[in-house]
Amino acid sequence: MPSSNRSELQTVRDLIRYGVSRLNAGQVSYGHGSDNAWDEAVYLVLHTLHLPLDTLEPFLEARVLPDEREQVLALLDKRVAERLPAPYLTNEAWLRGRRFYVDNRVIVPRSPIAELLDDSLSPWVADPETVAYVLDMCTGSGCLAVLSALAFPFAHVDGVDISASALEVAMQNVSAYNLHDRISLHCSDLFQKLPARQYDVIICNPPYVNADSMDALPPEYRHEPHMALAGGHDGMDLVKRIIAEAPSHLAPKGILVLEIGHEREYFEAAFPDLDPVWLDSSEASDQIMLLTREQLAP
């Protein structure tokens, strides 16, 4: 839209309508907090105008100031031109109703493991208050470490990542939730530099995208750290190491909750003798598995 015509966008409703059209025309890809143009446009407009993200209706006909309009349009232009995920533009991501700081040092939080933590992994964890130690492997932004600390109120949580820059982001989120005393962050190649403890729960959202899928990723996903997504030829490079090493770090009745996305076929080919429990989320029934220590180390 020519700049002379943009002045005709005068209300919140105008900006959202224009945003939907702009995103559709730009053929952007979603999956980083929204899955359609309407939700993304609403989010970007409300965030930029500092309006409540869950309260749209009262503001639809509110008129915007010229500088507010320009801020919104600049953000929409950048979203389309650079194909940046919306959370990288706003430096925030929302997971299970909780806000986390993000930037391009980490992948955008979206793990369905978060949904399972709403109920403290029930029924697989009978009593959340008895969980003493939790490990969040490949913690990234630290979002699952924070949600684990909230789900298991008396547990100490170790978050580990090989990326020191990712851990800088994670520390911001630990600080935001005032959980310094219950979450420790470790820079380590998987289990190598972890404290000598046995974990009641290990949760892990590792890099698992297979090579062909990596080659086909939309531009938005290519802005995320490659090492946080790529899992090798079949997506199982790190998964194989985690499966092999986890038993010695699990308590006798400990469990491993492992996300593998759309790679079930590759997982079953790599581990034909394992029979995990597949955990249902609102998104899918074959993306998260649960394995006991006994299964991993018979």
Engineer: Could you tell me if Ser163 and Ser165 have a donor-acceptor pair between their side chains, going purely by distance under 3.5 Å?
Structural biologist: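 The criterion, which ignores hydrogens and geometry beyond distance, is satisfied for Ser163 and Ser165.
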Engineer: With under 30° as parallel and over 60° as perpendicular, where do the rings of Phe191 and His249 fit, or are they tilted in between?
Structural biologist: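 If you compare the ring of Phe191 with that of His249, the planes turn out parallel.
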Engineer: Do Leu144 and Thr139 come close enough that some side-chain heavy atom pair is under 4.5 Å?
Structural biologist: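 No, every pair of side-chain atoms sits at 4.5 Å or beyond.
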Engineer: Less than 6.0 Å separating the ring centroids of Tyr88 and His32?
Structural biologist: no
Engineer: So that I can tick it off, tell me whether Asp14 and Arg69 are bridged by a salt bridge, with the cut-off set at under 4.0 angstrom between side-chain N and carboxylate O.
Structural biologist: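 No, Arg69 and Asp14 are not salt-bridged.
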Engineer: Could you check whether Arg22 pairs with Asp77 (Lys NZ or Arg NE/NH1/NH2 to Asp/Glu carboxylate O, under 4.0 Å)?
Structural biologist: yes
Engineer: Whether the His47 and Glu92 side chains hold a donor-acceptor pair (N or O, under 3.5 Å, no angle test) is what I'd like checked.
Structural biologist: yes
Engineer: Once you round to the nearest 0.5 Å, how far does SG of Cys187 lie from NZ of Lys193?
Structural biologist: 6.5 Å
Engineer: Just one of Val277, Val257, Leu279, Ile260 clears the side chain to side chain contact (heavy atoms under 4.5 Å, CB included) bar with Met289, so which one?
Structural biologist: Ile260
Engineer: Rounded to the nearest 0.5 Å, what separation is found between the CD1 atom of Ile107 and the NE2 atom of His223?
Structural biologist: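 Taking CD1 in Ile107 and NE2 in His223, the distance rounds to 15.5 Å.
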Engineer: Is a side-chain donor-acceptor pair under 3.5 Å present for Thr90 with Tyr43?
Structural biologist: yes
Engineer: Judged by modelled atom types alone, do Arg98 and Tyr177 share a side-chain donor-acceptor pair under 3.5 Å?
Structural biologist: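 There is no such pair (donor and acceptor under 3.5 Å, judged by atom type) between the side chains of Arg98 and Tyr177.
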Engineer: NE2 of His226: more than 12 outside heavy atoms within 6.0 angstrom?
Structural biologist: no
Engineer: Would you say Asn104 and Glu224 are linked by a side-chain donor-acceptor pair, where the criterion is simply a distance under 3.5 Å?
Structural biologist: no
Engineer: Can you tell me how far apart OH (Tyr30) and CG (Asp35) are? Round to the nearest 0.5 Å.
Structural biologist: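 Between atom OH of Tyr30 and atom CG of Asp35 there are 9.5 Å.
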Engineer: Ile202 and side chain to side chain contact (heavy atoms under 4.5 Å, CB included): which partner among Leu258, Leu250, Ile255?
Structural biologist: Leu250
Engineer: Rounded to the nearest 0.5 Å, how far does CG of Asp136 lie from OG of Ser184?
Structural biologist: 12.5 Å
Engineer: Taking the six-membered ring for Trp, are the ring centroids of Phe154 and Tyr133 within less than 6.0 Å of each other?
Structural biologist: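 Phe154 vs Tyr133: aromatic centres not under 6.0 Å.
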Engineer: Looking only at side chains, do Asn24 and Ser21 share a donor and an acceptor under 3.5 Å apart?
Structural biologist: no
Engineer: Can a side-chain donor-acceptor contact be found between Glu61 and Thr11 if the only test is distance below 3.5 angstrom?
Structural biologist: no
Engineer: Just wondering, more than 12 heavy atoms not from Trp94 lying within 6.0 Å of its CH2?
Structural biologist: yes
Engineer: Is any side-chain N of the basic residue among Arg79 and Glu40 closer than 4.0 Å to the acidic one's carboxylate O?
Structural biologist: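 Yes, this pair counts.
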Engineer: Please tabulate, for side-chain N and O atoms in residues 230-243, each donor-acceptor pair with protein atoms closer than 3.5 Å (sequence neighbours left out).
Structural biologist:
from	atom 1	to	atom 2	distance (Å)
Asp234	OD1	Met236	N	3.0
Arg241	NH1	Asp189	OD1	3.2
Arg241	NH2	Asp189	OD1	3.2
Arg241	NH2	Asp189	OD2	3.4

Engineer: Using salt bridge (Lys or Arg N to Asp or Glu O under 4.0 Å), reason through Lys253 and Asp200 one step at a time and then give a plain yes or no.
Structural biologist: CA-CA 7 Å; Lys253 294 184 178 180; Asp200 302 292; over 6 Å; no
Engineer: Report yes or no: do Glu115 and Ser282 form a side-chain donor-acceptor pair below 3.5 Å?
Structural biologist: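 Indeed, the side chains of Glu115 and Ser282 share at least one donor-acceptor pair under 3.5 Å.
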